[in-house]
Amino acid sequence: MTMFPNMKTVFNLLQILLLNGGNYPLFVGAMCKGTEDVQQVSGWLLIALVAVIFFLILCVARCCSPLTYLHLRYWTSYVNNEQTLFEQAADQHSKVYAMQNIKKFFGFSPGSKNISEIRIPSRNDWKTISGLDLLKVVNLDYCHYSLLHAWADEEPTDGKVISIDVGQVPTDTTLPVGPS
């Protein structure tokens, strides 16, 4: 028994169905040898019906749309470009915002050339930004994106800031390899 009915059987079944005026019991009794054939043909008819309905809905939606084909292409292009630019702006914004929080925590930001002072975080500061942030309630107007973000919004009461000599700041941060 094949999984799919041959095309001649399907054609004969459709011909009897159409010529018989949709009398389904005669249709089933005349051409199908068992319930498996009926199930297979019914399955294929259901798939075809769903495909035709989907196609018709798509056609009607396009015909009833106030947009022309070119306008729809432009709109699609606009939405794609807007999404791409939004992702780029969100990435850049989050980097700048994270940089502010890191600068507040350490006293300088990565890539700074003229560092005149650094902040030594206290043990409490390290504990504050190192824990799990699972049980926070999100305020509808404002939320913290990380524990460092939450820490940076508060005024730190401990930790110290020390001045450093710009000439002593190493420009090459790689460690030597091998014996000195």
Subject >> Exercise: do Asn80 and Ser77 side chains pair donor with acceptor under 3.5 Å >> reply: no
Working to the nearest 0.5 Å, report the span between [atom1] of [X] and [atom2] of [Y].
X	Y	atom1	atom2	answer
Arg62	Thr68	CZ	OG1	11.5 Å
Asn101	Ser109	CG	OG	12.0 Å
Ile47	Trp44	CD1	CH2	5.5 Å
Asn81	Thr76	CG	OG1	11.0 Å
His93	Phe86	NE2	CZ	10.0 Å

Original post:
In this structure, which one of Ile118, Asn114, Ile102 forms a side-chain contact (heavy atoms from CB on, under 4.5 Å) with Phe108?
Top reply: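 Exactly one pass, corresponding to Ile118.
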**OP:** Measure across Arg119 and Lys104 and return the closest heavy-atom pair with its distance rounded to 0.1 Å.
**Re:** CD-O, 3.4 Å
Flag the pair [X] / [Y] as yes when at least one side-chain heavy-atom distance between them is below 4.5 Å, and no otherwise.
X	Y	result
Gln92	Gln88	no
Trp126	Phe105	yes
Phe55	Cys59	yes
Ser42	Leu45	no

**OP:** Measure from the side-chain N and O atoms of Ser112 to the backbone N and O of Ile115, and report whether any donor-acceptor pair falls under 3.5 Å.
**Re:**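 Pair absent, no side-chain N/O of Ser112 close to backbone of Ile115.
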Original post:
Is a side-chain N or O of Ser94 found less than 3.5 angstrom from the main chain of Asp91, in a donor-acceptor match?
Top reply: yes
Original post:
Do you reckon Tyr97 sits in the same ILVMFWY cluster as Met99, going by side-chain contacts under 4.5 Å, direct or chained?
Top reply: no
Original post:
Is there a path of hydrophobic side-chain contacts, each under 4.5 Å between heavy atoms of I, L, V, M, F, W or Y residues, that connects Leu49 with Ile57?
Top reply: yes
